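This report refers to the structure that appears directly beneath it.
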Amino acid sequence: MQKREELYRGKAKTVYYTDDSDKLILEFRNDTSAFDGEKIEQLDRKGEVNNKFNHFIMTKLEEAGIATQVEQLLSDNDSLVKKLDMIPVECVVRNVAAGSLVRRLGVEEGESLTPPVFEFFLKNDALHDPMINDYHIMSFGWATEAQVCEMKKLTFRVNEVLKTLFDDAGMLLVDYKLEFGVDNTGALVLGDEFTPDGCRLWDKETRKKMDKDRFRQGLGSVVETYIEVADRLGLKL
Ligand code: TMP
Ligand code: ASP
């Protein structure tokens, strides 16, 4: 499958049309962005590592019965995916307090959250991805009530699968962000990516940060640590 013209260039991935109108190619670039694009750097091998990591995780989710966009790993940096009509919201589940939740509510980083917290954010860098609720999504027509309900259900289902996967490999899944889209049959499908760029992972014992907080906070060894996460999961990169 060949890349045709560019459909969309995001901060870390580029999406291309293909000759099949139902399929796109996602190219994972080395660009690494934080703070809504305020900090951007090229990190050697990051695109390749995230492309392969994403394929690995999405395959695990498929095996658990969750429909994903991923079709096939094409090369180091490219994956073939189903074309989706993306819903412009981010679905976040938090098992442990960190990041914007800590800043917003003044709670302690590291506090366990039972039940896990669910939040929606609007995908809009210019507005710094504001937090929204179900009613904003329905009132502005970004998704239907049924889709809102299904996005929550699927995001929590992903938590069950991935919490165990990371726990068995000595890591704590602190939080993560998912994005969904609608395929050509009208079904809701998990799109975008699941990589250490879009989640928080801590070593279970030492609480070492093993995700994009290494980049946000200037902790160093970003890609090396992503490779360590993959290695612990049994994915050799
Ligand atoms: P937050 O603590 O900054 O709200 O982020 C929660 C989780 O969602 C964290 O794992 C990072 C991820 N996330 C993204 O990947 N992209 C985004 O634009 C946002 C807002 C969060
Ligand atoms: N993904 C967003 C950005 O690139 C937010 C973040 O991860 O900090 O700026």
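First listed ligand is number 1; within each ligand, the first listed atom is number 1. As the structure is a computational prediction, the values presented were derived from the model and not from experiment.
A donor-acceptor pair shorter than 3.5 Å cannot be found between the side chains of D175 and N95. D22 and N184 share a donor-acceptor pair across their side chains, judged by distance under 3.5 Å alone. Between the side chains of S79 and N51, at least one donor N or O lies within less than 3.5 Å of an accepting N or O. Between T68 and E62, the side chains place a donor N or O and an acceptor N or O closer than 3.5 Å (distance only, hydrogens not considered). The closest side-chain donor-acceptor pair between Y16 and E27 falls under 3.5 angstrom.
Taking a cut-off of under 4.0 Å to the non-hydrogen atoms of D129, the atoms of ligand 1 that pass are 17 (C), 18 (O), 20 (C). Close approach to F35 involves these atoms of ligand 2, each under 4.0 Å from a residue heavy atom: 6 (C), 8 (O), 9 (O). Against a heavy-atom cut-off of under 4.0 Å, C199 is close to the following atoms of ligand 1: 10 (O). In the vicinity of R216, heavy-atom distances shorter than 4.0 Å reach the ligand 2 atoms 6 (C), 7 (O), 8 (O). Of all the atoms in ligand 1, the ones that sit under 4.0 Å from a non-hydrogen atom of G99 are 2 (O). Interface atoms of ligand 1 facing E90, defined by a heavy-atom separation under 4.0 Å, are 17 (C), 18 (O), 19 (C), 20 (C). Atoms of ligand 2 lying under 4.0 Å from any heavy atom of G37, numbered from 1 in the order shown and given with element: 3 (C), 9 (O).
Of the charged side-chain nitrogens involved, at least one lies within less than 4.0 Å of a carboxylate oxygen, so that K152 and D134 count as a salt-bridged pair.
For ligand 2, the polar-atom distance check finds an N/O of S33 within less than 3.5 Å of one of the ligand's N/O atoms. Annotation: S100 places an N or O atom under 3.5 Å from an N or O atom of ligand 1; distance criterion only.
One option in V93, D175, T195 has a heavy atom closer to atom 7 (C) of ligand 1 than any other, and that option is D175. When D31, D213, D36 are checked for heavy-atom proximity to atom 5 (C) of ligand 2, D36 turns out nearest.
When each of V81, L7, I25 is checked for a side chain to side chain contact (heavy atoms under 4.5 Å, CB included) with V15, only L7 meets the rule.
In terms of protein heavy-atom proximity, atom 2 (C) of ligand 2 is nearest to K11 CE, 4.0 Å. Residue, atom and distance of the protein heavy atom nearest to atom 5 (O) of ligand 1 are R200 NH1, 3.7 Å. Among all protein heavy atoms, the one lying closest to atom 12 (C) of ligand 1 is K177 CB, 3.5 Å.
Both L190 and V70 are part of a single hydrophobic cluster, where members link through side-chain heavy atoms under 4.5 Å apart.
Contact between R216 and ligand 1 is present, with at least one heavy atom of the residue lying under 4.0 Å from the ligand.
With a heavy-atom cut-off of 4.0 Å, R94 touches ligand 1 through its side chain alone. Only side-chain heavy atoms of K212 come within less than 4.0 Å of ligand 2; its backbone N, CA, C and O stay farther off.
The environment of OH in Y135 is sparse: at most 12 heavy-atom neighbours from other residues, nucleotides or ligands sit within 6.0 Å.
By the side chain to side chain donor-acceptor pair (under 3.5 Å) test, R103 pairs with no residue at all, sequence neighbours left out. The salt bridge (Lys or Arg N to Asp or Glu O under 4.0 Å) search around E228 returns K208, R232, not counting sequence neighbours.
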